[in-house]
2 protein chains.
Amino acid sequence: MTSVPLLDRLRALDWRLTPQRRVIAEVMGGDHVHLTAEEVLERARQRLPEVSLATVYNTLNELVSMGEVQPVDAGGGPTRYDPNTKDGHHHLVCLVCGDLRDVHPEGLEALELPRSEHFGFRVVNREVLFQGYCSNCGRP
Amino acid sequence: MTSVPLLDRLRALDWRLTPQRRVIAEVMGGDHVHLTAEEVLERARQRLPEVSLATVYNTLNELVSMGEVQPVDAGGGPTRYDPNTKDGHHHLVCLVCGDLRDVHPEGLEALELPRSEHFGFRVVNREVLFQGYCSNCGRP
DNA sequence: GTATATGCAAAGCATTTGCATTAAA
DNA sequence: TTTAATGCAAATGCTTTGCATATAC
């Protein structure tokens with residue numbers, strides 16, 4: 001899926017590559033990653049202790065602007081950041097603990113917004129959010 | 001769609017009916033309402049000046065717990081509250097100004113999560129979010 | 001050398017909470 | 001009379017910002 005690694009794509013965008021940015025990008029590499037800013041900080045600091053939360057937010061926001069990372073707000077908690085922007089990726093979230101998974105629902109092609117409901121919008125994206133209870137959080 | 005008005009349903013739930021709660025419920029009545037807590041406060045105060053923001057939040061949270069109102073977090077801004085929980089209602093949001101519309105997409109029946117992607121979750125809901133640019137916000 | 005990223009600490013919002021007061025039932 | 005809702009103000013959690021310093025290019 002991810003043909004060119006994130007770091008290589010960033011290098012190609014003549015993006016000033018600092019140690020902090022490198023470790024943040026490394027942490028954000030890979031699939032099925034849905035970290036919060038705090039979690040990114042924690043993991044980045046394991047590799048490079050001198051990283052600040054402000055830099056994590058700055059960097060994540062830039063990656064979002066570049067289209068390399070997608071922010072996912074699913075019910076209340078802090079924003080999670082998803083580096084998997086290439087495939088049509090949707091999400092399954094636990095209503096209790098916020099656990100988040102990438103899913104690839106079937107039948108998306110058939111999902112259309114009737115023209116009468118465009119309200120003059122230019123529609124550019126569809127996101128499907130499945131909600132439920134994960135195996136830890138049981139069945140309230 | 002809304003066969004029994006919100007206020008009548010609340011009365012039936014032996015919910016202590018204060019003037020504040022009444023005006024908040026009145027403000028939340030009707031379709032295609034997607035107000036933020038601040039907007040609810042503003043409108044409620046037009047009818048009853050002695051309403052506080054804390055009470056608006058308390059009351060909205062209760063309405064959410066009762067299943068009478070649904071919170072909608074669509075990209076960044078403050079939570080919007082949608083009293084239209086009965087029909088399968090989905091949303092179209094403007095990526096720039098946050099303008100939010102109720103929509104009723106076609107082909108939802110065909111939208112399924114493959115069993116291999118349930119991850120042990122009990123899936124209870126699907127929400128579809130269409131994103132785009134409204135006629136005011138043009139085409140960046 | 002110059003432009004830009006960093007870290008810190010402070011500020012900004014949205015939301016929740018503790019607690020004394022008030023009011024619904 | 002009892003139990004619960006209100007309002008205020010302070011606290012919280014997440015995120016952004018201003019500014020002096022450090023550093024990639």
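Heavy-atom basis, side chains included; hydrogens, waters and symmetry copies ignored. Keep in mind it's a predicted model, so treat the numbers as computed, not measured.
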query = Sub-3.5 Å donor-acceptor pair from the side chain of E112(B) to the main-chain atoms of G107(A), do we have one?
reply = no
message = Donor-acceptor pair, distance only, cut-off 3.5 Å: does the side chain of T55(A) make one with the backbone of V51(A)?
response = no
message = Using whole Å, what does the distance between atom P of nucleotide dA5(D) and atom CD1 of I24(B) come to?
response = 13 Å
message = How many whole angstroms separate atom CD of E62(B) from atom C1' of dT15(C)?
response = 15 Å
Short side-chain donor-acceptor distance under 3.5 Å, H90(A) and D102(A) = no
ask   = NA contact type, T79(B), heavy-atom cut-off 4.0 Å: base, sugar-phosphate, or nothing?
value = sugar-phosphate
ask   = Whole Å only: how far is the CG atom of L60(A) from the P atom of dT6(C)?
value = 11 Å
Between P of dA24(D) and CH2 of W15(A), the distance in whole Å = 14 Å
ask   = Within the pair T18(A) and dT4(C), is there a side-chain N or O less than 4.0 Å away from OP1 or OP2?
value = no
R80(B) versus L100(B), closest heavy-atom pair with distance = CD-CD2, 3.9 Å
key: N or O in side chain of T59(B) less than 4.0 angstrom from dA5(D) OP1/OP2   = no
inquiry  = Students often get this wrong, so: under 4.0 angstrom with heavy atoms, is P19(A) touching a base, only sugar-phosphate, or nothing?
reply    = sugar-phosphate
note = 5'-most contact on DNA chain C (nearest-nucleotide basis), L17(B) vs A54(B), goes to A54(B)
ask   = OP1, OP2 of dT6(D) versus side-chain N and O of S52(B): anything below 4.0 Å?
value = no
task = Give a yes/no answer on whether the side chain of N61(A) brings an N or O atom under 4.0 Å of OP1 or OP2 in dT16(D).
result = yes
inquiry  = Need one value for E38(B): base, sugar-phosphate or nothing, where a base atom within 4.0 Å counts as base even if backbone is also close, heavy atoms only.
reply    = nothing
ask   = Rounding to a whole Å, what distance do you find between L41(B):CG and dC13(C):P?
value = 17 Å
key: Under 3.5 Å side-chain donor-acceptor pair for D99(A) and H34(A)   = no
ask   = Tell me: OH of Y57(B) to C1' of dT15(C), nearest whole Å?
value = 5 Å
ask   = Which of the following nucleotides, dA5(D), dG7(C), dA3(C), is nearest to the side chain of R16(B)?
value = dA5(D)
key: d(CG, L53(B); C1', dC8(D)) in whole Å   = 11 Å
query = Where the side chain of R21(B) is defined as all heavy atoms beyond and including C-beta, which of dA24(C), dA5(C), dT6(D) is the nearest nucleotide?
reply = dT6(D)
inquiry  = OP1 or OP2 of dG7(C) versus the side-chain N and O atoms of Q20(A): is any pair under 4.0 Å?
reply    = yes
message = Once you apply a heavy-atom cut-off of 4.0 Å, does N58(A) come out as touching a base, just sugar-phosphate, or nothing?
response = base
ask   = To the nearest angstrom, how far is Y81(A) atom OH from dC14(D) atom P?
value = 12 Å
